[in-house]
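Scroll down for the structure; my scribbles are underneath it.
Naming: A, B, ... by sequence-line order, numbering from 1 per chain.
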2 protein chains.
Amino acid sequence: MISGKFAITTHILTLLAKFPNEFMASDYIAGSLNIHPVLVRKEIANLKKHNLVESKEGKNGGVKLIASPEKITLEDVFKITFDKATLGFSKNEPNPECPVGKNINSNLNDLYEGINQTISKQLQSVTLAEFTEKF
Amino acid sequence: MISGKFAITTHILTLLAKFPNEFMASDYIAGSLNIHPVLVRKEIANLKKHNLVESKEGKNGGVKLIASPEKITLEDVFKITFDKATLGFSKNEPNPECPVGKNINSNLNDLYEGINQTISKQLQSVTLAEFTEKF
DNA sequence: ACATTTGCAATATATTTTATTACAGTTATG
DNA sequence: CATAACTGTAATAAAATATATTGCAAATGT
């Protein structure tokens with residue numbers, strides 16, 4: 001995973017919402033984020049995959065929002081940038097011969113599932129339009 | 001940060017809650033987690049710092065819960081294992097000359113602050129005793 | 001034609017996590 | 001009171017992950 005995926009994608013969408021109706025170049029976006037343009041394009045590929053933006057190649061090309069900022073919520077961004085939000089797992093397989101080791105991950109998963117739903121609900125209430133107004 | 005901090009600490013506490021009134025060795029705990037004992041001791045140091053466990057050096061030494069599992073909630077664990085839960089930030093300082101770059105991090109922070117509070121509230125409702133019963 | 005841009009893959013660098021090693025200090029027990 | 005079994009902690013190494021860079025094909029406006 002890219003750890004800054006949600007932040008980067010939100011940043012990109014905010015820029016696009018600020019300048020609708022024009023194609024914005026990934027180099028320009030990268031300049032605002034201060035990261036490498038290739039990383040920006042990777043996130044844009046993800047946004048395209050989910051039909052939030054369209055892009056145009058060639059001179060004067062770039063990216064542009066398809067969906068309206070009123071209809072996009074931060075939950076949409078969350079969904080496309082996280083498999084699942086968690087509080088983490090220990091790296092290795094725990095010992096299956098220990099009753100705790102055997103079940104810890106499934107119990108943590110259940111816990112995280114609940115957290116995910118809460119985060120989703122909370123992010124649903126913020127549209128990209130609202131978020132963009134803060135700038 | 002240790003990305004598995006919350007999971008590891010919860011695992012440790014679950015083990016300790018399963019076997020109260022006895023000192024458990026970090027090597028044994030590490031065996032259940034299948035991670036290195038030194039990492040376990042680091043997390044134990046953190047638990048000690050927050051007065052959740054006590055430890056005894058020397059032969060037959062180990063760690064033991066101080067607080068009662070009914071009084072410890074997973075929010076307590078959350079608090080001592082996370083500075084703050086976030087959905088991430090882009091690694092570099094964004095461009096301060098761009099209105100979006102200039103404000104993105106503070107706006108994301110505000111957003112994450114709200115998420116933190118929700119997670120905290122949700123974890124408050126699960127005691128270590130309840131969590132341990134699932135095993 | 002040419003400059004500019006996306007798209008994408010491959011590779012390299014940097015950063016972060018986890019593991020290992022080493023050793024000092026504590027304590028139970030024969 | 002010597003020894004084995006522990007904790008505690010720091011320093012270093014290795015592994016994993018994230019980010020940056022390079023290179024090039026393909027598209028498009030002028």
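- If you take CG of B:D83 and P of C:dT16, they are 14 Å apart, rounded to a whole angstrom.
- Rounding to the nearest 0.5 Å places CG of B:N95 at 9.5 Å from CG of A:L33.
- Rounded to an integer number of Å, the gap from NZ of A:K42 to C1' of C:dT11 is 11 Å.
- Taking for each of A:G58 and B:G61 the nucleotide of DNA chain D with the nearest heavy atom, the 5'-most of the two is the partner of B:G61.
- Under the 3.5 Å distance criterion, the side-chain polar atoms of A:N107 are left unmatched by any main-chain donor or acceptor of A:I104.
- The side chain of B:A45 lies closest to D:dT9, out of C:dA28, D:dA20, D:dT9.
- Taking every side-chain heavy atom of A:K59 into account, C:dT4 is the closest of D:dA20, C:dT6, C:dT4.
- When side chains are defined from C-beta on, A:L123 counts as touching B:L87, because their heavy atoms get closer than 4.5 Å.
- Atom CD1 in A:I44 sits roughly 7 Å away from atom P in C:dG7 (whole-Å rounding).
- The distance from atom CG of A:N46 to atom P of C:dG7 is 13 Å, rounded to the nearest whole Å.
- Rounded to an integer number of Å, the gap from CG of B:N60 to P of D:dT7 is 11 Å.
- In this structure, A:F6 and A:F78 have perpendicular ring planes: the angle between them is above 60°, well past the 30° mark.
- Without hydrogens or angle criteria, A:N34 side chain to B:N92 main chain gives no donor-acceptor distance under 3.5 Å.
- Positionally, the nearest nucleotide of DNA chain D for B:S26 lies more toward the 5' end than for the other of A:K56 and B:S26.
- The two atoms that bring B:E43 and B:I12 nearest to each other are CB-CD1, 3.9 Å, heavy atoms only.
- Proximity of a side-chain donor or acceptor of A:N46 to a complementary backbone N or O of A:K42 within less than 3.5 Å is not detected.
- Checking the phosphate oxygens (OP1, OP2) of D:dA15, no side-chain nitrogen or oxygen of A:K91 falls inside 4.0 Å.
- B:N92 has its CG atom 15 Å from the P atom of D:dA18, to the nearest Å.
- Distance CG (A:L33) to C1' (D:dT19): 13 Å, rounded to an integer number of Å.
- Residue B:S55 places none of its side-chain N or O atoms closer than 4.0 Å to OP1 or OP2 of D:dT7.
- Distances from the side chain of B:E57 to the nucleotides C:dG25, C:dA3, C:dT6 place C:dG25 closest.
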Identify the pairs formed between an N or O of the protein and an N or O of nucleotides 21-24 of chain C at a distance under 3.5 Å, and give each distance.
none

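- Rounded to an integer number of Å, the gap from CG of A:D27 to P of D:dA20 is 14 Å.
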